[in-house]
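We name chains A, B, ... by the order of the sequence lines, and we start the count at 1 in each one. All of these numbers come straight from a predicted model, not from anything done at the bench.
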2 protein chains.
Amino acid sequence: MVTRGEVGVSDEKRDAILKAIDELDYRPNAMARGLVQRQTRILGIMVSDLQNPFFAAVVSGIQERAEERGFRVLITTGDRTPSVEESAIENLLELRVDGLILASPRADDDVIARAGRSVPVVVLNRDTSDDTSDSVTNDNLAGAHLAVEHLVSFGHRRIAFIEGGAGAGARIRHQGYLSAMHDFGLADEILTAEGRHTEEGGYRGAMDLLKLRDLPTAVFASNDLCAIGAMNAFEEAGLSIPEDVSLIGYDNNRMAALRHISLTTIDQPGDDMGRSAVDRLTERIDEDRTEPRHDVVAPSLVVRSTTGPPRFEAKS
Amino acid sequence: MVTRGEVGVSDEKRDAILKAIDELDYRPNAMARGLVQRQTRILGIMVSDLQNPFFAAVVSGIQERAEERGFRVLITTGDRTPSVEESAIENLLELRVDGLILASPRADDDVIARAGRSVPVVVLNRDTSDDTSDSVTNDNLAGAHLAVEHLVSFGHRRIAFIEGGAGAGARIRHQGYLSAMHDFGLADEILTAEGRHTEEGGYRGAMDLLKLRDLPTAVFASNDLCAIGAMNAFEEAGLSIPEDVSLIGYDNNRMAALRHISLTTIDQPGDDMGRSAVDRLTERIDEDRTEPRHDVVAPSLVVRSTTGPPRFEAKS
DNA sequence: ATGTCCTTTTGGAACGTTCCAGGTTGCAAT
DNA sequence: ATTGCAACCTGGAACGTTCCAAAAGGACAT
């Protein structure tokens with residue numbers, strides 16, 4: 001009691017207690033407190049892949065806003081594996097976090113739904129079918145459209161896509177690519193290579209493209225890590241970017257911004273999304289909102305040095 | 001009881017309980033359990049900077065080994081700020097984690113010592129003066145020596161160092177640079193630029209070097225992030241690497257390995273260090289070791305494309 | 001003296017588990 | 001029948017807090 005409100009305690013007694021705290025280096029037991037208060041003021045966050053620098057931005061946004069709102073944050077990671085994710089989530093739930101943020105989870109829908117039954121959950125960057133939890137996504141459809149549009153504006157027509165496997169938003173970005181190609185009258189040029197949201201995945205996807213007789217003049221990769229992998233593959237094959245092939249990614253993570261990489265990409269404001277996620281959570285925790293809310297943030301194009309006009313003007 | 005050992009319970013009763021668990025979606029309360037057992041089987045880990053990909057490797061090593069040893073892991077981050085770190089540590093301590101790993105902490109020594117009084121602590125990559133906690137470091141002195149040696153082997157003499165500010169191991173790497181320069185008879189060529197363990201820091205440090213009349217022929221940056229920042233600065237100034245200036249970093253993080261960056265660097269096995277940290281902790285928790293232990297892992301040279309011979313042979 | 005009101009102090013109960021002691025069975029051996 | 005000994009069940013204490021009700025003390029007016 002002394003350590004918190006401090007009301008209704010005489011001065012002498014308080015001093016005595018504070019001194020004792022110091023001497024014994026006492027520390028309040030959060031478990032005992034949480035048990036009786038039935039809340040912990042802790043937000044749990046499960047990040048699917050700590051290796052992806054995009055999530056560092058997300059976490060930093062979450063952390064900042066959570067602090068403002070009087071919550072602490074505990075992070076757990078799922079190693080891009082559904083089963084590991086599941087136990088990471090379980091872990092946080094057993095600790096009775098007051099809210100849960102799942103950053104690009106790959107876990108099953110019903111795992112997420114089950115979590116949502118015990119505690120407010122917000123899912124980041126994955127379109128969740130169930131309506132028990134909130135979500136914060138960027139408009140992957142619009143983002144993919146922006147990417148294609150940018151390439152088209154340079155005169156590209158043969159624009160390939162390296163997809164992102166089970167990665168967050170991967171499917172929708174692919175859809176966005178497909179529909180944009182249609183919109184620009186390039187349905188015949190549609191070409192999708194298999195990939196992943198890792199460098200390795202991008203490398204493989206690009207390798208597959210390199211086997212084709214006619215290389216596309218531009219490539220849109222499902223995320224930045226993937227784009228960087230593709231970049232490696234193209235360079236290894238002796239191609240120069242953007243002269244021989246233009247390349248665009250998605251996320252705008254720190255690596256993309258490195259002057260040496262300087263990847264043209266679609267910006268997804270990770271820190272903002274993290275902040276929104278915390279807001280959605282605190283609305284449910286402190287202000288008992290109950291109807292689900294699905295936020296969509298607008299992506300934007302960041303032009304750097306990996307895109308340019310195709311080497312030969314289209315002649316038709 | 002049913003959810004754990006399952007001994008001494010009749011079959012019918014167990015089935016009834018398991019069914020009830022499922023229906024109510026009950027989840028054991030880790031706080032209540034922790035309270036009575038006086039242990040949580042949770043390892044707390046405080047990472048000074050989630051933005052640095054080196055720590056992703058450390059965390060992944062920790063996670064892997066902790067799982068093997070039957071511990072769960074909770075991550076917290078300090079945002080490179082001592083005060084934030086301190087409250088992150090406090091947070092974990094109030095939750096009564098069974099052990100604490102501090103990855104490159106910038107917090108004050110006495111904060112760490114205080115934590116060490118309540119729970120086993122292992123400090124990663126920082127030479128801790130107090131002997132209440134264990135440490136796992138890489139041999140920064142030897143690593144720095146390797147870096148200088150490599151540059152000297154190409155014939156470089158004017159080798160500058162961009163230091164890492166308050167970053168982990170920064171001071172010792174600087175010492176290593178100084179002593180290596182002495183060892184190779186290059187004491188007169190010693191040149192240190194101010195820097196940080198961030199890209200920004202490296203950029204600034206390199207900018208300072210660029211102001212000199214005589215640019216050094218090689219630069220050793222205190223970590224990879226810093227080296228990448230320096231890389232940007234040099235390229236912006238129209239210099240090519242390694243023809244005009246050789247560059248070597250420290251850590252061997254994922255960015256350094258990107259084919260596009262391809263930074264020569266000193267490898268510090270982050271995942272191994274994470275695993276060792278967990279081992280040190282479990283020795284104290286489960287096997288009551290009490291004498292402090294300080295592990296030092298050997299760094300190694302990774303030659304990539306940012307180092308080469310100086311443009312003009314030294315004539316003397 | 002008695003009563004009222006205010007501030008401070010004291011003493012449980014409760015939170016959801018684990019752990020242990022003591023009970024209650026059932027069954028075989030005496 | 002009695003004893004012994006499993007196997008199983010039951011009940012209560014404990015963990016370290018918070019929260020609330022009740023008690024104790026003062027100050028002041030009647």
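Look at B/Q37 and you'll find a side-chain N or O under 4.0 angstrom from OP1 or OP2 of C/dC19. Contact between the side-chain N/O atoms of B/R33 and the OP1/OP2 oxygens of C/dT18 is found at a separation under 4.0 Å. OP1 or OP2 of D/dG16 has not a single side-chain nitrogen or oxygen of A/R27 nearer than 4.0 Å.
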Does the salt bridge (charged side-chain N to carboxylate O under 4.0 Å, His left out) test come out yes or no for B/R69 and B/D286, once each step is laid out?
CA-CA 10 Å; B/R69 297 265 190 271; B/D286 290 336; over 6 Å; no
Would B/H294 and B/T137 satisfy side chain to side chain donor-acceptor pair (under 3.5 Å), going step by step from the backbone distance to the final call?
CA-CA 8 Å; B/H294 300 287; B/T137 50; over 6 Å; no
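The side chain of B/Y26 has C/dT17 as its nearest neighbour among D/dT17, D/dC15, C/dT17.
For the side chain to side chain contact (heavy atoms under 4.5 Å, CB included) criterion with B/L225, the lone passing option out of B/H197, B/M255, B/R196 is B/M255.
Looking at B/R106 and B/E85, no side-chain N of the basic residue comes within less than 4.0 Å of a carboxylate O on the acidic one, giving no salt bridge.
Look at CD on A/E94: it is 17 Å from C1' on C/dC15, rounded to the nearest Å. Whole-Å rounding puts the A/N29 CG to D/dA14 P distance at 18 Å. For A/L95 and C/dG16, the CG to C1' distance is 14 Å, given to the nearest whole Å. Look at CG on A/L35: it is 12 Å from P on D/dG16, rounded to the nearest Å. Counting to the nearest Å, the P atom of D/dA14 and the CE atom of A/M31 are 18 Å from each other. Between the P atom of D/dT18 and the CZ atom of A/R38 lies a distance of 15 Å, rounded to the nearest Å.
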